[in-house]
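In what follows, a structure is listed as structure tokens, so that the remarks can point back to it.
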Amino acid sequence: ISSSNGDTDGVSISSLLTNIDGGLRGVAVSGIFTNIGKTSCGVAIGTFLSVDRAHGLNFSLLLTERSTFRGPEAPSELYGVNVSGGSLCAYYMAGVSASCIIARAKGNSYGIMAAGLTSISEGNSYGFIGSAFTFVKGRAYGLVSGVYSKVGTLIGAGVGGISIADSFKGARIGLMNITRGPSQGVDIGLLNIRTDAPWYAKIVPVVAIRFSSKSTKKADTIADAAN
């Protein structure tokens, strides 16, 4: 067991537990659990890894997270390259975040967020977000991919099976593309559905071209004000 009550500069290695109450500037490795109480600037490795703010490389077999999401006034952050065989969880994620099962950002995600099963951004997504099941509660700027994806507002591109968006501007390719509000761009799929369109344009097979409208501009204004 390796433990430090303050900051650690250098290398800390343990076969069982590495606990650093302060920050890390260097390398921390443990066989089972690595905990860093403050900011990690370097490399942190553990089967279970808990870190307050990570700026660097972080690898874990099962879990990389800050277990309590304290809110935007004191957020947990994962910046840099974060890889987990199980799950990644933090308030903000930026850089490359990859997990075999789940990747979850309580706030915004920036860069690349990918998971084998589920990717969730409860704020906005800037860049790429993808998994089998992909969810963005706010706006997605960039590329969204998933066998099933659900986005508040998509501004960019979507690729996958079933794509659902409250509003949409850009291009999507999938088996079924569904927009529940205003849309502007091109949908390519077996079925392209826009629920608020006139009856003759609600369901369009293969290729649907959506043009700008007053409702689209109004939705953009409301979304901009909310963000």
To check you understand the geometry: which heavy-atom pair defines the closest contact between [X] and [Y], and what is its length?
{"X": "Leu78", "Y": "Leu88", "answer": "CD1-CD2, 4.3 Å"}
{"X": "Gly85", "Y": "Cys100", "answer": "O-CB, 3.0 Å"}
{"X": "Ala105", "Y": "Asn108", "answer": "CB-O, 3.9 Å"}
{"X": "Gly107", "Y": "Ser121", "answer": "O-OG, 3.4 Å"}

Approximate separation, where rounding is to 0.5 Å, of [X] [atom1] and [Y] [atom2]:
{"X": "Glu122", "Y": "Lys106", "atom1": "CD", "atom2": "NZ", "answer": "4.5 Å"}
{"X": "Ser125", "Y": "Ile155", "atom1": "OG", "atom2": "CD1", "answer": "11.5 Å"}
{"X": "Met93", "Y": "Ser109", "atom1": "CE", "atom2": "OG", "answer": "8.5 Å"}
{"X": "Leu154", "Y": "Ser183", "atom1": "CG", "atom2": "OG", "answer": "11.0 Å"}
{"X": "Arg172", "Y": "Ser163", "atom1": "CZ", "atom2": "OG", "answer": "4.0 Å"}
{"X": "Tyr148", "Y": "Phe133", "atom1": "OH", "atom2": "CZ", "answer": "9.5 Å"}

Would a distance-only check, ignoring hydrogens and angles, find a side-chain to backbone donor-acceptor pair under 3.5 Å from [X] to [Y]?
{"X": "Ser84", "Y": "Gly86", "result": "yes"}
{"X": "Ser97", "Y": "Asn82", "result": "no"}
{"X": "Thr134", "Y": "Ser131", "result": "yes"}
{"X": "Lys202", "Y": "Ala197", "result": "yes"}
{"X": "Lys137", "Y": "Gly123", "result": "no"}
{"X": "Thr195", "Y": "Arg180", "result": "yes"}

Is there a donor-acceptor contact under 3.5 Å linking the side chains of Ser87 and Ser99?
-> no
Is there a continuous path of hydrophobic side-chain contacts, each under 4.5 Å between heavy atoms, that joins [X] to [Y]?
{"X": "Val144", "Y": "Val147", "result": "no"}
{"X": "Phe128", "Y": "Val159", "result": "yes"}
{"X": "Ile209", "Y": "Ile188", "result": "yes"}

Close side-chain approach of Ile101 and Thr118, heavy atoms under 4.5 Å =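 No - every pair of side-chain heavy atoms lies 4.5 Å or more apart.
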Is there side-chain contact between Ile129 and Phe135, with at least one heavy-atom pair below 4.5 Å?
-> no
If you draw a 6.0 Å radius around CG in Leu117, do more than 12 non-hydrogen atoms from other residues or ligands fall strictly inside?
-> yes
Quick one: do Ile120 and Ile102 satisfy side-chain contact (heavy atoms from CB on, under 4.5 Å)? Show the steps, please.
-> CA-CA 8 Å; Ile120 303 170; Ile102 182 172; 4.3 Å; yes
When the ring planes of Tyr110 and Tyr126 are compared, do they come out parallel, tilted or perpendicular, using 30° and 60° as the limits?
->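 Judged by the thresholds at 30° and 60°, the geometry between Tyr110 and Tyr126 is parallel.
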Mind running side-chain contact (heavy atoms from CB on, under 4.5 Å) on Leu190 and Leu175 for me, showing each step along the way?
-> CA-CA 5 Å; Leu190 293 179; Leu175 295 176; 4.1 Å; yes
Criterion side-chain contact (heavy atoms from CB on, under 4.5 Å) against Ile193, the qualifying member of Thr179, Asn177, Ile164, Ile178 =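 Checked Thr179, Asn177, Ile164, Ile178 against Ile193; only one passes side-chain contact (heavy atoms from CB on, under 4.5 Å): Ile178.
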Looking at Tyr141, does the NZ or CZ of Arg139 lie under 6.0 angstrom from its six-membered ring centre and within 45 degrees of the ring axis?
-> no
Contacts of type side chain to side chain donor-acceptor pair (under 3.5 Å), residue Tyr79, not counting sequence neighbours =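 Tyr79: no side chain to side chain donor-acceptor pair (under 3.5 Å) contacts found.
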